[in-house]
Amino acid sequence: MKKIVLLVLSATLLLTSCRQRESEPQESMWDQKTDSVLKLMTLEEKIGQMVLYTSDWDVTGPTLRQGYLDDIRKGNCGNIFNAHTAAYTRKLQTIAVEESRLGIPLLFGYDVIHGHKTIFPISLGESASWDMEAIEKSARVAAIEAAASGINWTFAPMVDVSVDPRWGRVSEGAGEDPYLGSKIAAARVRGFQGADNNLSDTLTILACVKHFAAYGAPQGGRDYNTVDMSERVFLDTYLPPYKAAIDAGALSVMSSFNEYDGVPATGSKYLLTDLLRDKLGFKGFVVTDYTSINEMVHHGVAKDDAEAGLLAVHAGVDMDMQGEVYFKYLKKQVEEGLVNESQIDDAVRRILKIKFKLGLFDDPYRYCNEEREKRLVYAPEHLDASLDVAKKSMVLLKNENEALPLKKGEKIAVIGELATSTRDLLGSWKAAGDWDTIHSVLDEIKAFNGDKNVLYAEGCKKVGDDRSGFLKAMGVALLADKIVMVIGEDWEWSGEAASRTNINIPGVQSELLEQLTKLNKPVIVVLMNGRPLDLTRENELADALLEAWYPGTMGGKAVTQVLFGDYNPSGKLTMSFPMNVGQVPLYYYAKNTGRPIYLPNDKYKSKYIDSPNEPLFPFGYGLSYTSFVYSDIKLSTAELTKKGTLKASVAVTNNGGRDGEEVVQCYVRDLVGSVTRPVKELKGFEKILLKAGESKTVTFEITPDMLAFHRIDMTYGTEPGDYQLFIGGNSRDVKTTNFKLMP
Ligand code: BGC
């Protein structure tokens with residue numbers, strides 16, 4: 001390893017660190033090591049650590065612009081993203097370590113969102129599993145494969161709560177609920193960084209919580225648009241998942257593109273320092289989202305990039321992603337006294353400390369081992385895990401006339417472009433996943449059911465109005481016992497910069513579906529999409545609807561196993577599916593309003609004249625091939641004292657003919673508050689497996705702290721009074737009881 005850094009480390013630190021290892025906590029050892037490096041750095045080199053540049057893509061993989069290679073050499077760029085493979089990152093790391101003056105190793109970031117090579121279902125799909133172990137495992141596998149490919153930092157988890165399916169990025173999150181979102185945020189951080197946050201383990205990577213903050217609420221669902229919400233809604237609904245990820249140990253945070261309360265997040269001292277560091281106790285570093293420093297000029301809070309840079313550095317941004325603003329202006333601003341060098345030192349300390357924690361100073365090439373990469377990427381157990389999560393993430397929305405499960409040997413007509421697409425299986429953040437070597441839904445149905453029992457016709461494309469394939473599809477369907485039509489959105493229609501004003505199934509796919517239903521055969525619709533869609537029409541037409549999301553590398557097999565009943569579906573929606581786009585935003589924890597509807601024909605009530613208020617499929621909803629019944633709720637006490645615990649139990653019985661899993665959900669409503677309160681809030685859930693005929697009692701424990709919120713004076717705490725408690729298999733169909741929170 002490189003000269004000066006090594007020299008200093010060995011001369012000034014090895015002695016002390018040996019002694020300290022036993023006597024002092026590791027944190028302070030890292031602090032000292034960090035300081036010893038910082039002392040050697042010029043101002044330019046310090047600023048270089050605050051710079052992050054992207055690699056580009058060539059047919060053969062990532063490449064870096066010549067200018068950036070020189071920047072690494074000169075110590076002007078300390079971090080790279082979008083570069084991967086052990087061999088390529090080794091090449092870049094060698095330049096940093098061998099050719100720059102101090103030899104400080106690079107961080108390698110990448111959007112490893114739901115898998116690196118082995119791709120798991122999109123994050124929204126994973127959330128529908130309500131299975132924290134499976135979600136943690138998915139992030140673990142992603143971390144192992146990414147780390148094996150030279151990556152040590154992922155831009156995940158994305159924890160933005162969103163109630164607006166027009167926004168394409170709902171595909172990247174965990175849905176509409178802050179409680180479930182918090183559990184998932186923590187599970188993903190544990191998966192990436194390891195349960196004990198041991199970053200020096202070469203199979204863990206640094207997590208980055210994004211996008212801080214409130215990025216999930218752009219007006220009109222239009223990406224990058226203005227966010228404007230009350231502080232109370234922000235703190236009670238949008239903040240909890242970020243907090244949960246930080247509490248779980250995430251050591252980097254990405255500032256978001258949007259404004260909050262008139263201030264772009266990247267220039268917000270309130271968000272990045274007062275809240276994030278001072279209140280939430282965040283100890284890692286803050287990176288911008290892409291060019292969000294520069295974008296403050298467009299937001300209209302800075303006259304030029306230099307001024308935007310000042311806003312960012314004073315707000316608490318430690319690293320500039322791709323904007324080149326810190327690189328161009330920060331040095332001069334320090335020299336002119338506009339920025340204190342101690343601010344730069346603080347930022348650099350935070351970044352270097354992570355590099356120490358990752359063990360990069362001990363061995364900068366620890367992530368660049370090609371033999372390890374070969375062994376770990378696409379390891380059979382990773383593919384198994386991906387298959388497992390894909391099955392768990394699928395949500396059965398409708399199943400009538402015993403359309404599902406399919407029976408082996410039945411003649412199945414498979415229709416739709418998405419049935420043969422492998423690219424769409426991976427979704428928008430496919431990281432380094434390959435799609436030319438994986439199996440489509442059609443491939444897997446054929447493999448399972450036998451070639452001769454499966455007939456295929458494309459029928460139509462995902463988009464466009466070409467109906468020329470309808471006839472052939474009808475002909476093929478005529479010969480079959482059942483029809484499976486795979487429809488949905490192109491993978492590029494969800495994710496970043498993929499907002500829609502219309503959330504219907506695109507093109508003429510549903511028109512063909514309508515034609516097919518005229519054949520009077522069972523029609524099963526498999527959906528691939530990255531957001532809640534308006535499925536009103538398809539729900540009327542099809543006998544069965546299976547929401548498969550973009551299910552990942554093993555998605556074809558997962559769909560097949562669910563369709564044929566090899567796996568009994570257990571997923572539950574984590575976002576409400578509206579009846580029409582006009583209802584959006586639509587979420588289960590809405591307020592009651594002063595004019596709730598009690599009687600259907602009451603005119604002056606909070607309702608639409610052309611649509612019900614209710615969603616088509618509510619939050620928490622999902623069917624199984626078996627069915628479950630819930631007993632009435634039993635409470636351990638109807639009076640919850642300040643230090644007490646209330647236990648609420650139900651017996652759940654599988655009264656169908658198959659073993660199955662059920663997600664039992666517990667909600668609470670605070671009936672009278674100093675401010676208006678949601679009609680329901682999720683407070684607990686448990687996923688249970690019940691054999692056919694089996695009953696189990698599920699008990700939820702409610703403690704007063706779970707009922708806290710920001711009260712009228714903005715203090716956080718509880719209010720005594722009357723509450724309702726609900727338990728059920730979704731947010732709509734519940735058993736209800738009441739209790740009191742005592743003063
Ligand atoms: C996205 C981030 C992502 C970053 C780096 C941005 O455009 O908003 O989520 O991490 O790009 O790829």
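Just follow the structure's listing: the first ligand is 1, and inside any ligand the first atom is 1. In this text, all values refer to a predicted model and were calculated from it rather than measured experimentally.
The backbone N or O of Val339 lies less than 3.5 Å from no partner atom in the side chain of Gln343, so there is not a single donor-acceptor pair.
The 12-atom threshold is exceeded at CD of Glu44, counting heavy atoms of other residues, nucleotides or ligands nearer than 6.0 Å. Atom NZ of Lys357 sits in a crowded spot, with more than 12 heavy atoms from other residues, nucleotides or ligands closer than 6.0 Å.
The two atoms that bring His382 and Glu145 nearest to each other are ND1-OE2, 2.8 Å, heavy atoms only.
Contact annotation: for His211 versus ligand 1, heavy atoms closer than 4.0 Å belong to the side chain alone. If you look at Glu172 next to ligand 1, there are no close heavy atoms at all, none under 4.0 Å. Residue contacts with ligand 1, taken as heavy atom pairs separated by less than 4.0 Å, involve Arg169 solely via side-chain atoms from C-beta onward.
Against a heavy-atom cut-off of under 4.0 Å, Lys210 is close to the following atoms of ligand 1: 2 (C), 3 (C), 9 (O), 10 (O).
Taking any N or O of Tyr290, backbone or side chain, none lies under 3.5 Å from an N or O belonging to ligand 1. On a distance-only criterion, Trp429 and ligand 1 share no N/O pair closer than 3.5 Å. Residue Asn82 places no N or O, backbone or side chain, under 3.5 Å from any N or O of ligand 1.
Contact check on Asp274 versus Lys269 returns a salt bridge, with a Lys/Arg side-chain nitrogen under 4.0 Å from an Asp/Glu carboxylate oxygen.
Scanning the protein for heavy atoms near atom 7 (O) of ligand 1, the closest one is Glu496 OE2, 2.8 Å. Shortest contact from atom 12 (O) of ligand 1 to any protein heavy atom: Asp111 OD2, 2.5 Å. Asp289 OD2, 2.5 Å is the protein heavy atom nearest to atom 8 (O) of ligand 1.
The aromatic ring centres of Tyr260 and Phe234 sit less than 6.0 Å apart.
Between Asp71 and Tyr53 there is a side-chain heavy-atom pair separated by less than 4.5 Å.
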